[in-house]
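Just so we're clear, the structure is a prediction, and the values are computed from it rather than from any experiment. Sequence positions, counted from 1, serve as the residue numbers for this chain. Just so it is clear, the values below take in all heavy atoms, side chains as well, and ignore hydrogens, waters and symmetry mates.
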Amino acid sequence: MRHLIDTTDISVAEVDQILETALDIIANRKKYSEACKGKKLATLFYEPSTRTRLSFTSAMMELGGNVLGFSDAASSSVSKGETVADTVRVIGCFADIIAMRHSKEGAPLVASHYSEVPIINAGDGSHAHPTQTLTDLLTIRREKGRLNDLTIGFCGDLKFGRTVHSLIKALSRYTGINVILIAPEELRLPSYIRREVCDKNHVPTREVATMEEVMSELDILYMTRVQKERFLDEEEFERLKDSFILNPERLRTAKKDMIILHPLPRVNEITRAVDNDPRAAYFRQVENGKFVRMALIYTLLKWAEERPTTPTPRLDTTLVNNSQRCSNRQCISNCEDVDHLFRTTENGDQRCVYCEARVK
């Protein structure tokens, strides 16, 4: 069974196939209007979401399928203590495919170990958000006409921003990508992503303190909000939340064909005055999310029928070490009864498979 837990679960060729399907859907909406007739999508959203949950719902409805699930874990058996593993085994009896968002990192990975239907990670804590990444890739493809030879600046919360982590992983597999990191010291990109993704794939990366010093170089500016829910210290959040705000003045030196992306929701990191700038692509990005999720649902269900015994490359039992514990309190392995899984990196570090935290 194929799942999408991380962007790298699917090859570049498969990513391109999904993007081509999305483009075909955009051009031929009627052709796909009953493509998933009789199929059911379960949306299991353990934490709040507007765009992603409604995007999945709209996507399945436009494919002619049906949707069930919950948007608040408190209204489900989760409130009684039901585990992720048991929930997906139950829901898999009612649905053909499952989209899951969870506050605990690694929860969708646990789900994929037990599910008999495809699992789509719709965001797990600060870890990954692969369908937002596919949305971003489709938007870049439509706006810029390519996924190679691009300079992209990531601005804001790069430490906790799962959309940033996922997109950097995805773009690192294309050629000619240059990454510029624009963030306060407290919110810099985790060093392991720079080392194990950018450096390993020979992606030039540099850190700067302000967007003004690099604005003229950028083909894409990817803005993120400083997420209050990811901070354990509210005073630290209040100190950093206004660190980087995009306004028309800061766009003065930007390329005429640069595009501005944002996974949304925004708070104040992009002023309303930017919305009418033709380079502001973030609302077009939202609509692309529906199309790419239509393509993903359609493709995963098709793969499930055509290749039911082809697994997503995942894990082996040699990774189990139940005598060790992950140091990340937000990791699913510290919240539910699951095997503790660790992998050894090329430089000898041990990392939790669920959340990628380094063993201290």
TODO: Test side chain to side chain contact (heavy atoms under 4.5 Å, CB included) on N178 and V203 and set out the steps.
DONE: CA-CA 6 Å; N178 291 282; V203 176; over 6 Å; no
TODO: Might you work through the side chain to side chain donor-acceptor pair (under 3.5 Å) test for N322 and D339, ending with a clear yes or no?
DONE: CA-CA 6 Å; N322 287 321; D339 281 326; 3.1 Å; yes
Open item on the list: Donor-acceptor pair, distance only, cut-off 3.5 Å: does the side chain of T345 make one with the backbone of R343?
Closed with: no
Task: Lys/Arg N to Asp/Glu carboxylate O, R266 vs D275, below 4.0 Å - done: yes
Task: Residue pair F244 / E269, side-chain heavy-atom distance below 4.5 Å - done: no
Open item on the list: Taking side-chain hydrogen bond (donor to acceptor under 3.5 Å, both in side chains) as the definition, give me every residue that meets it alongside K37, ordered by chain and number, with sequence neighbours left out.
Closed with: none
TODO: Report yes if some heavy atom in the side chain of T135 is under 4.5 Å from a heavy atom in the side chain of F291; otherwise report no.
DONE: no
Open item on the list: Any non-hydrogen side-chain atom of D349 less than 4.5 Å from a side-chain atom of V359?
Closed with: no
- [ ] Before accepting this row, confirm whether a basic side-chain N of the pair R279/D257 lies closer than 4.0 Å to the acidic partner's carboxylate O.
- [x] no
Open item on the list: Any salt bridge linking E185 with K159? Criterion: basic side-chain nitrogen under 4.0 Å from a carboxylate oxygen.
Closed with: no
- [ ] List the steps, then state whether side chain to side chain contact (heavy atoms under 4.5 Å, CB included) holds for L341 with S333.
- [x] CA-CA 9 Å; L341 306 167; S333 67; over 6 Å; no
Open item on the list: Would you say V338 ends up clustered with Y46 if hydrophobic residues are merged whenever their side chains have heavy atoms under 4.5 Å apart, either directly or through other cluster members?
Closed with: yes
Open item on the list: What verdict does the side chain to side chain contact (heavy atoms under 4.5 Å, CB included) test give for Q330 and C355, after you've listed the backbone C-alpha separation in whole Å, the side-chain angles of each residue and the deciding distance to 0.1 Å?
Closed with: CA-CA 8 Å; Q330 290 298 110; C355 69; over 6 Å; no
Open item on the list: Using the side-chain contact (heavy atoms from CB on, under 4.5 Å) definition, which of the options I177, V179, I180 pairs with T151?
Closed with: I180
Open item on the list: Could you tell me if N328 and N334 have a donor-acceptor pair between their side chains, going purely by distance under 3.5 Å?
Closed with: no
TODO: Using modelled atom types only, decide if a donor and an acceptor are shared between the side chain of D157 and the backbone of F160 within a distance under 3.5 Å.
DONE: yes
Open item on the list: Tell me whether R2 is salt-bridged to E306, with the criterion being a basic N under 4.0 Å from an acidic carboxylate O.
Closed with: no
- [ ] Mind checking the CG-OH spacing from L63 to Y298? Nearest 0.5 Å is all I need.
- [x] 9.5 Å
Open item on the list: Is it the case that the side chains of R293 and S55 hold a donor-acceptor pair, with the cut-off being a distance below 3.5 Å and no angle test?
Closed with: yes
TODO: Say whether, by atom type as modelled, one donor and one acceptor occur between the side chain of T224 and the main chain of C155 under 3.5 angstrom.
DONE: yes
TODO: Say whether S126 and R162, considering side chains only, have a donor N or O and an acceptor N or O under 3.5 Å apart.
DONE: no
Task: Common cluster, L301/W303, ILVMFWY with side-chain heavy-atom separation under 4.5 Å - done: yes
- [ ] Mind listing the closest non-hydrogen atom pair of I182 and V214 along with its distance?
- [x] CD1-CG2, 3.8 Å
Task: Single-linkage hydrophobic cluster, 4.5 Å side-chain cutoff, L264 and I245 together - done: no
Task: Stepwise salt bridge (Lys or Arg N to Asp or Glu O under 4.0 Å) test for R351 and E196 - done: CA-CA 12 Å; R351 291 196 175 276; E196 296 178 21; 3.0 Å; yes
- [ ] Find out whether F70 and L44 are in side-chain contact, i.e. whether some heavy atom of one side chain is under 4.5 Å from a heavy atom of the other.
- [x] yes
TODO: Please determine, by modelled atom types, if D124 and Y354 share a side-chain donor-acceptor pair under 3.5 angstrom.
DONE: no
TODO: Give the C-alpha distance, both sets of side-chain angles, the deciding distance and a yes or no for side chain to side chain donor-acceptor pair (under 3.5 Å) between N288 and R142.
DONE: CA-CA 9 Å; N288 286 330; R142 295 187 74 190; 2.7 Å; yes
Task: Non-neighbouring partners of K290 that pass salt bridge (Lys or Arg N to Asp or Glu O under 4.0 Å), sequence neighbours left out - done: E62
Open item on the list: Using a strict threshold of under 4.0 Å (side-chain N to carboxylate O), is an ion pair present between E207 and R194?
Closed with: yes
- [ ] Using a strict cut-off of less than 4.0 Å between a Lys/Arg side-chain nitrogen and an Asp/Glu carboxylate oxygen, indicate whether E20 and R141 qualify as a salt bridge.
- [x] yes
Task: Short side-chain to backbone donor-acceptor contact, R272 and N268, under 3.5 Å - done: no
Task: Side-chain donor or acceptor of T43 paired with backbone N/O of A99 under 3.5 Å - done: no
Task: Nearest non-hydrogen partners of I98 and G92, listed with the distance - done: CD1-N, 4.3 Å
Task: Side-chain touch H165/E356, heavy atoms, less than 4.5 angstrom - done: no
- [ ] Starting from the C-alpha separation in whole Å, work towards a yes-or-no answer on salt bridge (Lys or Arg N to Asp or Glu O under 4.0 Å) for R51 and E287.
- [x] CA-CA 10 Å; R51 276 149 297 280; E287 187 175 27; over 6 Å; no
Task: Exercise: identify the closest heavy-atom pair between I220 and M258 - done: N-CG, 4.0 Å
Open item on the list: Looking at every heavy atom in both D96 and G38, which two are closest together, and how far apart are they?
Closed with: OD2-O, 4.1 Å
Open item on the list: Under a 3.5 Å threshold, yes or no: a donor from one side chain and an acceptor from the other, between Q350 and Q324?
Closed with: yes
Task: Hydrophobic cluster identity match, V197 and L137, side-chain contacts under 4.5 Å - done: yes
Open item on the list: Is it the case that the side chains of Y222 and D136 hold a donor-acceptor pair, with the cut-off being a distance below 3.5 Å and no angle test?
Closed with: yes
TODO: Would you mind reporting whether E336 and V84 have side-chain heavy atoms less than 4.5 Å apart?
DONE: yes
- [ ] Tell me, with the steps shown, if T271 and N247 meet side chain to side chain donor-acceptor pair (under 3.5 Å).
- [x] CA-CA 6 Å; T271 65; N247 56 35; 6.0 Å; no
Task: Nearest non-hydrogen partners of H3 and S112, listed with the distance - done: NE2-O, 3.5 Å
- [ ] Would you mind reporting whether L134 and L296 have side-chain heavy atoms less than 4.5 Å apart?
- [x] yes
TODO: For S115 and A111, indicate whether the former's side chain and the latter's backbone hold a donor-acceptor pair under 3.5 Å.
DONE: no
- [ ] Using modelled atom types only, decide if a donor and an acceptor are shared between the side chain of Q17 and the backbone of E14 within a distance under 3.5 Å.
- [x] no
Task: Test item: side-chain donor near acceptor, Q285 and H262, under 3.5 Å - done: no
Open item on the list: Tell me whether D9 contacts the main-chain N or O of D6 through its side chain, where contact means a donor paired with an acceptor under 3.5 Å.
Closed with: yes
Task: Approximate separation, where rounding is to 0.5 Å, of M294 CE and S58 OG - done: 7.5 Å
Open item on the list: Side chains of R53 and R101, heavy atoms from C-beta outward: is any pair under 4.5 Å?
Closed with: no
Open item on the list: Rounded at 0.5 Å granularity, tell me how far CG in L189 sits from CZ in R195.
Closed with: 11.0 Å
- [ ] Determine, stepwise, if the pair M223 / L246 fulfils side chain to side chain contact (heavy atoms under 4.5 Å, CB included).
- [x] CA-CA 8 Å; M223 296 294 297; L246 181 65; 4.0 Å; yes
Task: Same cluster (ILVMFWY, side-chain, under 4.5 Å), I10 and L138 - done: yes
TODO: State, to 0.1 Å, how close P108 and I5 come at their nearest heavy-atom pair, and which atoms those are.
DONE: O-CD1, 3.5 Å
Open item on the list: Does this structure show an ion pair linking R29 with D24, if we count only N-O contacts that are shorter than 4.0 Å?
Closed with: no
